[in-house]
There are 2 protein chains.
Amino acid sequence: MATMKDVASRSGVSVATVSAVIHDADWVSDSTRARVQRAIEATNYRPNHVARSLKTRRGYAIGAIVSDLTNPFFTEVVRSLSHALRQHDRSLFLCDSDHQFDLGATNLRMMQDKQVDGLIVIGDTVRPRLLAKFLEEAPEVPVIAIERAYDLDGVCCLLVDSEEGGYRATRHLIENGATRVAMINGPEEGAGSTTYGRAKRYEGYRRALNEAGLTFDAALVEQGTFRYESGKAALNRLLSLPTPPDAVFVANDMMALGALEAARNSGRNLPHDLMLVGYDDIPLASLTSPGLTTMAMPKHTLGTTAATLLHKQIETGRPTTASRHMFDATLVVRGSTRAPTP
Amino acid sequence: MATMKDVASRSGVSVATVSAVIHDADWVSDSTRARVQRAIEATNYRPNHVARSLKTRRGYAIGAIVSDLTNPFFTEVVRSLSHALRQHDRSLFLCDSDHQFDLGATNLRMMQDKQVDGLIVIGDTVRPRLLAKFLEEAPEVPVIAIERAYDLDGVCCLLVDSEEGGYRATRHLIENGATRVAMINGPEEGAGSTTYGRAKRYEGYRRALNEAGLTFDAALVEQGTFRYESGKAALNRLLSLPTPPDAVFVANDMMALGALEAARNSGRNLPHDLMLVGYDDIPLASLTSPGLTTMAMPKHTLGTTAATLLHKQIETGRPTTASRHMFDATLVVRGSTRAPTP
DNA sequence: CTGACTTACTTAAACGTTTAAGTACGATCC
DNA sequence: GGATCGTACTTAAACGTTTAAGTAAGTCAG
């Protein structure tokens, strides 16, 4: 591999001049610039990023720690991220923490060692304490958190407004004629958890009921585990009530698909006998029949916003204060709430 | 951040001695070693990986280029990879090429720039020409391909035996009493494609029929696109044949789920009226009811084998010849071929 | 014509390691 | 008691950049 030295000697200038040409310094004469450029091409020279990093203390890469790559939501975010970063000529260091908090320290250390220019933490995977330590040890590195609220100076949180999402989902059901709207909720959040508000989906549900003047019935709220089977079981319980619901808002798609299955097994005809709205818009939601109406997470927006924001902060320096950006989930209407119009 | 110099002066030795302590050189006296160790702890010293890389021309990272991170199969492989690499104290550079061949060059260049110690190419994303160029330009970097056969000296291909998988899937159906076994195949592979043999699943299907003495009926072979809808449509066509099949081997799970849907819509009772086997074992295959019997890809094995192999080759040098390792898909029996035993 | 300023460079130190080569000193051997 | 050897280090160059400081030659005002 050719180095600057080679290019320099070949074009009869010093390495400093070569460096200047590469960085488009304004003082190089046109003739010299051309000569150097030709030498660069002739030798097939490419700057050594490692040497450059050593000098500039930049890694020209950003790090991402994701709690579970298997989760399609996170996967999509990482994908958008990867694309956006390519645009900025930065590469991506990825760690899957596999939900294990104790890997957080290892992963963060790795990121520091690689001298990443920015860090993205996706999901619930790094404890605030550890992140705070990172912020302190690497004071120039901007940090962005996706779907996790931190209250740490310097980190910028990208969140999806779950309350509003829950509200919109429920309102959609009511607007389509539902009068007895149930909800299948996720598990109660642990006291220590600071994950941003999946619990809030429930609050949005309550708000929509209130607004529509529908009375809240605690019997219509079931609790699940976010998994397929639990959604199925929950809907079965709801359907065996003395007066079963005519619509259900389910806190995530996986459970909603379980509920869909249960509804079909019970002989219900969707959307006429029962309407269903999920949350997430996983790829499968469009494939069932009927398709699942659901609140789509702005995966792509989150990924690209994170990349753009990080890029800006790398240029201008990490903000000194914490900030939050709220994004909205958008309603995707499919067959589970709307009869196909032929 | 403390450097070796700090540690050296603090413990009254030269940087060379500090380096020796860090690398466990055998000549350092116990007392000096202890003194240095104490200084390391006191200063919270951590070696600068970038400087180390510059000197040793190693990046202490491996690069992975994946054709589509959204594909759950690839996601799982990457995840296992990420875990295995942590064990070896290496980090992971990831690029999602998004099926765009023209990104191959950019991605490969990025990997070279980052001085990765090894490269993993997952899926059909890098053209042989480009990879050959990489092999030439970075002659020490070992390369492993997963689910893609290259015939290039130095690259080691990890493949899943599709013929055998197709055979096992079909045999399973026959062993469970099927006499008229259909197949829903993937799209015909382009002439230029060197992807390793999804087409071979069909060959395995033929072999199993042959072996069982069942006559092959071309009307029983449908062609799909690997997508959900196409599986659904294909099964509908099969079911409307004068003598429909009593079992179907579907070339991937996505289509198999579509077929499952079609089967249920037709009022068929699985597995009694119809048996179904898919291929891949995507997470969803276990969630439908009945669950989908399928050929599970050895995702985890592929990931960890790639990591281990790479690790070894980084130590011993890249092999000079091409090689292939075959892995088997394993049958996972679920409700679509076996009635639940209560 | 002189001094100040500009242009177009060069020089050399620095970034933080690794490592080959050198060295000082004590022990061992005949 | 001098040569030889082993032990426990140190010295300094190198990896490939970036960049502050230096410089030589030309331009221009007074």
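Convention: sequence-line order gives letters A, B, ...; per-chain numbering from 1. FYI, side chains are in, hydrogens and waters are out, and symmetry mates aren't considered; it's all heavy atoms of this structure.
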Atom pairs under 3.5 Å: protein N/O with N/O of nucleotides 6-13 of chain D:
| from | atom 1 | to | atom 2 | distance (Å) |
| --- | --- | --- | --- | --- |
| D:dC9 | OP1 | B:T32 | OG1 | 3.0 |
| D:dC9 | OP2 | B:S29 | N | 3.0 |
| D:dC9 | OP2 | B:S29 | OG | 2.4 |
| D:dC9 | OP2 | B:T32 | OG1 | 2.8 |
| D:dT10 | OP1 | B:S14 | N | 3.4 |
| D:dT10 | OP2 | B:S14 | N | 2.9 |
| D:dT10 | OP2 | B:S14 | OG | 2.8 |
| D:dT10 | OP2 | B:T17 | OG1 | 2.3 |

Extract from the structure each pairing of a protein N or O with an N or O of nucleotides 21-23 of chain D at less than 3.5 Å, listing the distance.
none

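Using a 4.0 Å cut-off between a side-chain N of Lys or Arg and a carboxylate O of Asp or Glu, B:D24 and B:R33 qualify as a salt bridge.
Atom-to-atom, CG of A:L54 to P of D:dT18 comes out at 11 Å; the value is rounded to the nearest Å. When the C1' atom of D:dG16 is taken as reference, atom CG of A:N48 falls 5 Å away, rounded to whole Å. With rounding to whole Å, A:H49 atom NE2 is found 11 Å from D:dT17 atom C1'. Rounded to a whole Å, the CZ atom of B:R52 is 19 Å from the P atom of C:dC15. Atom CZ of A:R57 and atom C1' of C:dT17 are 12 Å apart (whole Å). For the pair B:M4 CE and C:dC15 P, the computed distance is 15 Å after rounding to whole Å. Remark: P of D:dG16 and CE of A:M1 are 11 Å apart, rounded to the nearest angstrom. The distance from atom CZ of A:R58 to atom P of C:dC15 is 18 Å, rounded to the nearest whole Å.
Partner of B:V18 under the side-chain contact (heavy atoms from CB on, under 4.5 Å) criterion, out of B:V7, B:D6, B:V28, B:T3: B:V7 alone.
Between B:E147 and B:I122, the closest side-chain pair of non-hydrogen atoms is not below 4.5 Å. Counting heavy atoms from C-beta on, the side chains of A:V121 and A:V155 never come closer than 4.5 Å.
Counting only residues at least two apart or in different chains, ring-ring contact (aromatic ring centres under 6.0 Å, His included) contacts with residues 300-321 of chain A comprise A:H88-A:H311.
Distances shown here put a side-chain N or O of A:Y45 below 4.0 Å from the OP1 or OP2 atom of D:dT17. Considering only side-chain N and O atoms, B:S19 lies under 4.0 angstrom from the phosphate OP1 or OP2 of C:dT18. Considering only side-chain N and O atoms, B:R46 lies nowhere under 4.0 angstrom from the phosphate OP1 or OP2 of C:dG16.
If one axis is set at each end of the helix from C:dC1-D:dG30 to C:dC30-D:dG1 from five pairs, those axes are 60° apart, to 10°.
Under a 3.5 Å cut-off, the side chain of B:R35 and the backbone N or O of B:G12 do not form any donor-acceptor pair. For the pair A:D96 (side chain) and B:S82 (backbone), a donor-acceptor distance under 3.5 Å is absent. Side chain of A:R318 to main chain of A:L135: a donor-acceptor pair is present (N/O by atom type, distance under 3.5 Å, no hydrogens or angles). Side chain of A:S53 to backbone of A:H49: a donor-acceptor contact under 3.5 angstrom is found.
Among the heavy atoms of the strands lying under 4.0 Å from A:H23 are primed sugar atoms or P, OP1, OP2 only; no base atom is included.
Shown here are the side chain to side chain donor-acceptor pair (under 3.5 Å) partners of B:S97, two or more places apart in sequence or in another chain: B:T125.
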Which atom pairs, one a donor and one an acceptor, fall under 3.5 Å between side chains of residues 57-66 of chain A and the rest of the protein, sequence neighbours left out?
| from | atom 1 | to | atom 2 | distance (Å) |
| --- | --- | --- | --- | --- |
| A:R58 | NH2 | A:I314 | O | 3.2 |
| A:Y60 | OH | A:T56 | OG1 | 3.2 |

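For the pair B:Y150 and B:R324, the tightest heavy-atom approach, listed with the atom from each and the gap, is O-NH2, 4.2 Å.
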